[in-house]
There are 2 protein chains.
Amino acid sequence: MTMAQRPTLEEVARRAGVSRATVSRVVNGSTTVAGPIQEAVRRAVAELGYVPNLAARSLVTHRTDSIALVLPEAATRVFSDDHFFPGIIRGVSRELEAADKQLVLMLAGSPAGHARVRRYTTGRHVDGVLFASLHGADPLPGTLAGLGLPVVCSGRPLGDGSVPYVDVDHAGGVSRAVAYLIDSGRRRIATIAGPQDMVAGIDRLAGYRDTVTAAGLPALVGYGDFTRDSGAAAMRDLLDRYPDLDAVFAASDLMAHAALRTLRAAGRRVPEDVAVVGFDDIPSAAYTDPPLTTVRQPILEIGRVMTRLLLRHAAGEPVEPSVILPTDLVRRDSA
Amino acid sequence: MTMAQRPTLEEVARRAGVSRATVSRVVNGSTTVAGPIQEAVRRAVAELGYVPNLAARSLVTHRTDSIALVLPEAATRVFSDDHFFPGIIRGVSRELEAADKQLVLMLAGSPAGHARVRRYTTGRHVDGVLFASLHGADPLPGTLAGLGLPVVCSGRPLGDGSVPYVDVDHAGGVSRAVAYLIDSGRRRIATIAGPQDMVAGIDRLAGYRDTVTAAGLPALVGYGDFTRDSGAAAMRDLLDRYPDLDAVFAASDLMAHAALRTLRAAGRRVPEDVAVVGFDDIPSAAYTDPPLTTVRQPILEIGRVMTRLLLRHAAGEPVEPSVILPTDLVRRDSA
DNA sequence: TTGTAGGCGTTATCAG
DNA sequence: CTGATAACGCCTACAA
């Protein structure tokens, strides 16, 4: 089945009895075209079902009206159960829609994926690149920025700090949560920390450490990687090492959820015996048993702000080197 | 800050002391180029950091090596809490990665989004289009297919049936679940159905109806829209109308989860008083209280199969008009 | 095996 | 206000 030959500017021009240039003007909304001619062109466009060839256009304009969102995670982990990526995507998408630009999503978990991203983005297929959640010190954002491509990251990049980024106030949010636990009389407050090769993991642990230390309390630390399974394991471990703990702050809601179940399985009541606080405020946090007290981060907003920053950057406007969004404590029943 | 002028084929050719044509051959992996020359070209490419301009290339090849995945949902609903879209994205992404093609994600919830999708896809920016989860009888897939663009849908399209699609055996899965409830002695089996403008909602309800009817049991039907909140409301309503129900099949895990909580709040024990079965097998289904018995659908596989179908279609091979994937019952503790 | 030259569909710069 | 006419960067017969 051969693809029906789509009409070109030339054919529209012929049909409307004008030149290609004029058709182009009408199509691109130039106001310097006489009314009747505009009318004729529009009719021809409609009759022929003409649609501009984007490749040809961007070849000459050097713009593509689309921007890439790179998720440098293994594709398998990107859409697990936390709602970070979906939230980012929604935020980015919404803002892009307002700007009438197209979103190109790129999963770059594998080395091959990494290469593909590099090729695609440097190949002038996008007007800018958004990076979500970097692991370790990924050089790609810096490389692309060095090539002159507008780049914005979500989360403070661990590597060089020349790329603008948007992040939330991890430490502040955690601090507020831990302070709340202290205020409600808890004294043996443990934490299930996130992976220490990601800023979110590092900063949240730091926030916990600073706050308990400042209160003269001991730091009881277990480690997970934000997933439920890792949270359950860490909770069991914590229970082993500190059987007298009376509260736990988990660096993600998924880990907090697992902690809830693990604690119950171990015969502890929540919040009577042990208070639990999470981080994220994912949709199901309101549906755990008991409903989870947690630190909310405005994920969708991160996506929106990143996008606005990038669009301004791409438009040549100066942009702030970083934007930090606030977090806040959502009190439910687990603490 | 001006964008560093990227080198073109021309400049690479000059540097390597050959013609553009030869550089093009090397870049595109033609074997008809002498070893030493190939070497020289590669060096020039590396030194200059040359990357082909994709727009120019696709202008002449008529290929873009990227395919669009259209999610015709309101962006707000796309990434709620069920894991359908993320799963599809992962499956598509994995298969595309293997084919070294680029994924372009398009959220087309609003009418404006719809128009943008049409413009973008017909603008030759992609080699094919994948549609996920259509609402009602969306004409877009048919339109694009009519234009000669390769198209594949996930879920049997409600409108015209000329577009190839991939779906799961909704009715069969539901039927097995309901039969299981009947076998375990349940006689007042209710259902929380999904939205009736989507095939998934329609087919699952049909599967329920057929099975209870065939067993001589009454159909006790409540309606939701796959979300948790709608499930809670439907469960309360069902409890009102049929206080003696002893089982409920929910057309989504999210609704099943809400039903679990609603039943408990109403003083019913699960599964002793009321058995609950869901549909989807989302990650958190194993973490509800009690863990949810549910019908698993191979979401990731849907994405993969769709993609393979599309790629074959785009390659000019004949493709089957539809592929139905199996579902199976995952027994946990709620039924 | 390599080079030459034409054209892909648009936009942009000039004249008219 | 409209129409020629160059690019834009690349691929691909065709010729050498």
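Chain letters run A, B, ... following the sequence lines, proteins first, then strands; residues in each count from 1. Quick note: numbers below take in every heavy atom, side chains included, and nothing from hydrogens, waters or symmetry partners.
- The separation between A:Leu48 atom CG and C:dG9 atom C1' is 15 Å, rounded to whole Å.
- One interatomic measurement links the two molecules: CZ of B:Arg63 to P of C:dC8, which rounds to 18 Å at whole-angstrom precision.
- When heavy atoms are screened at a 4.0 angstrom cut-off, B:Val60 is found touching base atoms of the nucleic acid.
- For B:Arg20 against C:dG6, a side-chain N or O and a base N or O form a donor-acceptor pair under 3.5 Å.
- Distance, A:Asn28 CG to C:dA12 C1': 11 Å, rounded to whole Å.
- Residue A:Ser19 has a polar side-chain atom (N or O) positioned under 4.0 Å from OP1 or OP2 of D:dG3.
- In this structure, OG1 on B:Thr8 lies 7.0 Å from OH on B:Tyr50, to the nearest 0.5 angstrom.
- The side chain of B:Thr22 contributes no N or O atom lying less than 4.0 Å from OP1 or OP2 of C:dT2.
- The CZ atom of B:Arg57 sits 16 Å away from the C1' atom of D:dC8 (whole-angstrom rounding).
- For B:Leu59 and D:dC8, the CG to C1' distance is 9 Å, given to the nearest whole Å.
- Using a 4.0 Å heavy-atom criterion, one finds that A:Val27 contacts no nucleic acid atom at all.
- For D:dC1, neither phosphate oxygen OP1 nor OP2 lies less than 4.0 angstrom from any side-chain nitrogen or oxygen of A:Thr32.
- For the pair A:Glu10 CD and C:dG9 P, the interatomic distance rounds to 10 Å; values are reported in whole Å.
- Nucleic acid contact class of A:Ala34 (heavy atoms, under 4.0 Å, all strands): sugar-phosphate only.
- Rounded to whole Å, the distance from CG on B:Leu54 to P on D:dC10 is 10 Å.
- Distance, A:His62 NE2 to C:dT10 P: 17 Å, rounded to whole Å.
- Separation of atoms CZ (B:Arg57) and CG (B:Leu59) is listed at 12.5 Å; rounding is to 0.5 Å.
- When each of C:dG3, D:dC10, C:dG9 is scored by its nearest atom to the side-chain atoms of B:Leu9, the top-ranked nucleotide is D:dC10.
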